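Read the structure below first, then the notes.
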There are 2 protein chains.
Amino acid sequence: MQPIDHPKSLMEVTAEQIRCAIVSGELPLGSKLSEQRLADALGVSRSPVRDALAALQSEGLVRISPKRGTFVFTPDLRVVDELCEHRTILETAALHLGIERNHAKLLRDLENSGAAMERALAAKDAHGYTMGDHQFHNAIILGAENRSLAKSYNLTISPLKALRTHLFTIMSENTDRSMKEHLAVINAVRAKDVELAVSQLADHIGHLAEAFRTKLRSEKSSNVKRAM
Amino acid sequence: MQPIDHPKSLMEVTAEQIRCAIVSGELPLGSKLSEQRLADALGVSRSPVRDALAALQSEGLVRISPKRGTFVFTPDLRVVDELCEHRTILETAALHLGIERNHAKLLRDLENSGAAMERALAAKDAHGYTMGDHQFHNAIILGAENRSLAKSYNLTISPLKALRTHLFTIMSENTDRSMKEHLAVINAVRAKDVELAVSQLADHIGHLAEAFRTKLRSEKSSNVKRAM
DNA sequence: AAGTGACATGTAACATGGCAGTTTGACACC
DNA sequence: GGTGTCAAACTGCCATGTTACATGTCACTT
């Protein structure tokens with residue numbers, strides 16, 4: 001016996017569709033959306049689309065300009081820096097808590113996702129590597145066993161996920177170093193060395209932030225097309 | 001001549017009204033709301049009310065149960081613990097950053113709000129003390145100069161603000177110790193002693209969490225009345 | 001050619017109506 | 001007294017209509 005989970009409302013699936021389209025790059029960054037067009041494309045009315053866009057705005061994935069339109073977010077250098085700093089704070093704190101209060105499960109989950117990433121790396125599977133990476137960091141957050149923290153994390157991380165697929169299309173990021181850093185974190189966790197694990201993790205996210213910065217600086221194009 | 005700032009949308013003022021009513025205690029915790037009644041009471045249609053409630057749900061102030069009704073949140077012991085832990089993580093990280101990159105302004109703001117709290121304390125002004133307290137912690141968050149962090153903080157802190165007014169009606173909390181702890185943080189910040197400031201702040205929030213716990217344990221009543 | 005303003009178009013905000021799921025309570029029945 | 005039934009009331013979800021505002025277009029003036 002378990003509480004039955006309600007079937008997802010139309011608004012929720014609509015939000016998932018649009019979120020997925022943004023993260024996957026189907027809807028380009030900065031492109032203009034329209035409630036009506038999205039509703040027509042998804043075969044629903046404007047109401048759920050409107051609700052979904054409002055939810056996505058709170059995730060930072062879209063920006064609703066009153067009476068003007070809704071736009072996919074555009075990566076601003078400062079905003080990305082702030083997001084990465086925020087992410088570092090949440091993840092390092094979660095890692096600290098997880099090692100102390102949830103060591104066995106945390107280590108197991110990290111090792112599993114680490115293995116998945118190594119397999120993907122050997123198979124040159126960029127998408128698989130990204131999935132493993134998300135799984136890895138998600139395990140860190142879940143290890144803290146704090147739903148408020150997890151909710152906040154998921155709400156702030158979406159734009160970074162979208163940026164990742166937009167900037168690193170075909171394994172162009174330094175996956176070798178990334179893999180080594182993940183393994184270093186796992187080793188530190190295995191040794192229950194909180195300080196080392198936290199500093200390794202902070203460095204890892206810092207490197208990602210640096211990669212974002214260099215990529216963003218080289219992309220001055222601000223092309224605002226219509227997508228929907 | 002100056003650029004005219006757009007008047008707030010109906011949804012925004014509606015959300016502010018309802019949020020204020022919850023935080024101030026006008027709408028009791030756990031009470032059942034209704035889009036229709038709220039709309040009638042506020043003199044607007046159901047649309048802005050609905051949007052506002054959705055926004056308040058993402059703040060954790062209300063819980064929308066599909067087809068059943070919307071309820072003001074109820075303080076769950078574990079949820080409150082998690083909120084306080086989350087809050088500690090955000091504030092200590094912000095304080096750390098603020099001392100390093102924004103010391104002068106941070107110290108000034110903290111001293112100002114500290115003085116306001118002392119005045120309120122001398123005048124037995126409970127409301128004034130609470131306002132000063134909010135100002136104090138807000139200054140810490142703003143000191144980090146990270147909008148993502150600040151947004152996340154404001155989104156998670158609302159239930160705690162509501163709890164404070166619900167649990168500590170008439171100066172029943174230990175304001176003397178609270179005041180001393182605030183001053184201790186200020187002194188540590190003045191001395192640029194990051195470690196000390198952070199640990200003092202963590203202790204302070206921990207004490208608040210403890211006060212919440214004891215209060216909540218003594219309130220077993222789960223009276224769900226209708227308010228709107 | 002450059003500037004102006006009327007106008008058409010597109011947008012989201014807001015209002016309202018219909019609908020399906022949930023709760024409630026009266027009431028017949030055991 | 002306890003139990004099952006069912007209908008009415010209530011709820012939020014979704015669809016659609018209406019309105020105010022933003023903006024692009026283009027004839028017209030200078």
Side-chain angles (χ1 to χ4, degrees), chain A residues 3-18 22 27 30-74 222-228, chain B residues 3-18 22 27 30-74 222-228:
Chain A
I4 154 175
D5 55 340
H6 287 232
K8 291 180 179 176
S9 74
L10 211 45
M11 179 277 243
E12 290 178 275
V13 298
T14 304
E16 284 174 15
Q17 288 279 327
I18 301 175
I22 293 176
L27 296 176
S31 61
K32 184 174 183 179
L33 306 179
S34 155
E35 293 181 356
Q36 185 63 65
R37 288 166 194 266
L38 284 170
D40 293 343
L42 295 172
V44 298
S45 90
R46 303 194 323 264
S47 296
V49 172
R50 177 172 166 73
D51 293 345
L53 288 179
L56 294 179
Q57 183 179 37
S58 78
E59 288 184 37
L61 278 181
V62 304
R63 176 176 45 86
I64 299 178
S65 203
K67 313 270 190 182
R68 288 169 38 86
T70 302
F71 304 84
V72 180
F73 82 103
T74 49
S222 62
N223 43 355
V224 180
K225 313 167 192 171
R226 160 176 298 286
M228 266 298 172
Chain B
I4 122 179
D5 56 339
H6 287 226
K8 291 181 180 176
S9 75
L10 214 43
M11 180 274 245
E12 288 178 274
V13 299
T14 304
E16 285 174 15
Q17 289 278 329
I18 300 176
I22 293 176
L27 295 177
S31 61
K32 184 174 183 178
L33 306 180
S34 153
E35 292 182 357
Q36 185 63 66
R37 288 166 195 263
L38 284 171
D40 293 344
L42 295 172
V44 298
S45 92
R46 304 198 317 270
S47 296
V49 173
R50 176 173 166 74
D51 293 345
L53 288 178
L56 294 179
Q57 184 179 37
S58 78
E59 289 184 37
L61 278 180
V62 305
R63 177 176 46 86
I64 300 178
S65 203
K67 313 273 190 183
R68 288 167 37 88
T70 302
F71 303 84
V72 180
F73 82 103
T74 49
S222 62
N223 43 356
V224 180
K225 314 166 193 172
R226 160 177 298 285
M228 267 298 174

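Chain A is the first sequence line, chain B the second, and so forth, proteins listed ahead of strands; every chain is numbered from 1. Heavy-atom basis, side chains included; hydrogens, waters and symmetry copies ignored. All figures in this text were calculated on a predicted structure; none of them were measured in a lab.
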Quiz item: Can you find a side chain N or O atom of B:Thr70 that sits less than 4.0 Å from OP1 or OP2 on D:dG12?
Solution: yes
Quiz item: Does a side-chain N or O from B:Ser45 land closer than 4.0 Å to OP1 or OP2 of C:dA15, or not?
Solution: yes
Quiz item: Got a second to check how far A:Leu53's CG is from A:Ile18's CD1, nearest 0.5 Å?
Solution: 4.5 Å
Practice problem: Calculate, to the nearest 0.5 Å, the distance between atoms CZ and CZ belonging to A:Arg46 and A:Arg37 respectively. | Solution: 13.5 Å
Exercise. Figure out the CG/P separation between A:Asp40 and C:dT11, and round it to whole Å.
Key: 11 Å
Quiz prompt | First encountered from the 5' end of DNA chain D, between A:Val44 and B:Lys67 | solution = B:Lys67
Quiz item: When rounded to the nearest 0.5 angstrom, what is the spacing between OG in A:Ser65 and CZ in A:Phe71?
Solution: 6.0 Å
Self-check item: Separation of C:dG10 P from A:Ile64 CD1 (nearest whole Å)
Solution: 21 Å
Exercise. Take the protein atom CG of A:Leu10 and the nucleotide atom C1' of D:dG12, then report the distance between them rounded to whole Å.
Key: 14 Å
Quiz item: Roughly how many Å is it from CZ in A:Arg46 to P in C:dA12, rounded to a whole number?
Solution: 9 Å
Quiz item: For DNA chain D, whose closest nucleotide is more 5', that of B:Ser47 or that of B:Glu35?
Solution: B:Glu35
Quiz item: What integer distance in Å separates A:Arg63:CZ from C:dT11:C1'?
Solution: 14 Å
Quiz item: With respect to the side chain of A:Pro48, which nucleotide from C:dT11, D:dC14, C:dA12 is positioned closest?
Solution: D:dC14
Practice problem: In whole angstrom, give the distance that lies between atom CZ of B:Arg50 and atom P of C:dA15. | Solution: 15 Å
Quiz item: CD of A:Glu12 versus C1' of D:dC14: gap in Å, rounded?
Solution: 14 Å
Self-check item: Sub-4.5 Å side-chain heavy-atom contact between B:Gln17 and B:Leu42
Solution: yes
Quiz item: Is B:Arg37 near enough to D:dT11 that one of its side-chain N or O atoms lies under 4.0 angstrom from OP1 or OP2?
Solution: yes
Quiz prompt | Separation of A:Leu56 CG from A:Ile22 CD1 (nearest 0.5 Å) | solution = 5.5 Å
Quiz item: What is the distance from CD of B:Gln36 to C1' of D:dC13, rounded to the nearest Å?
Solution: 14 Å
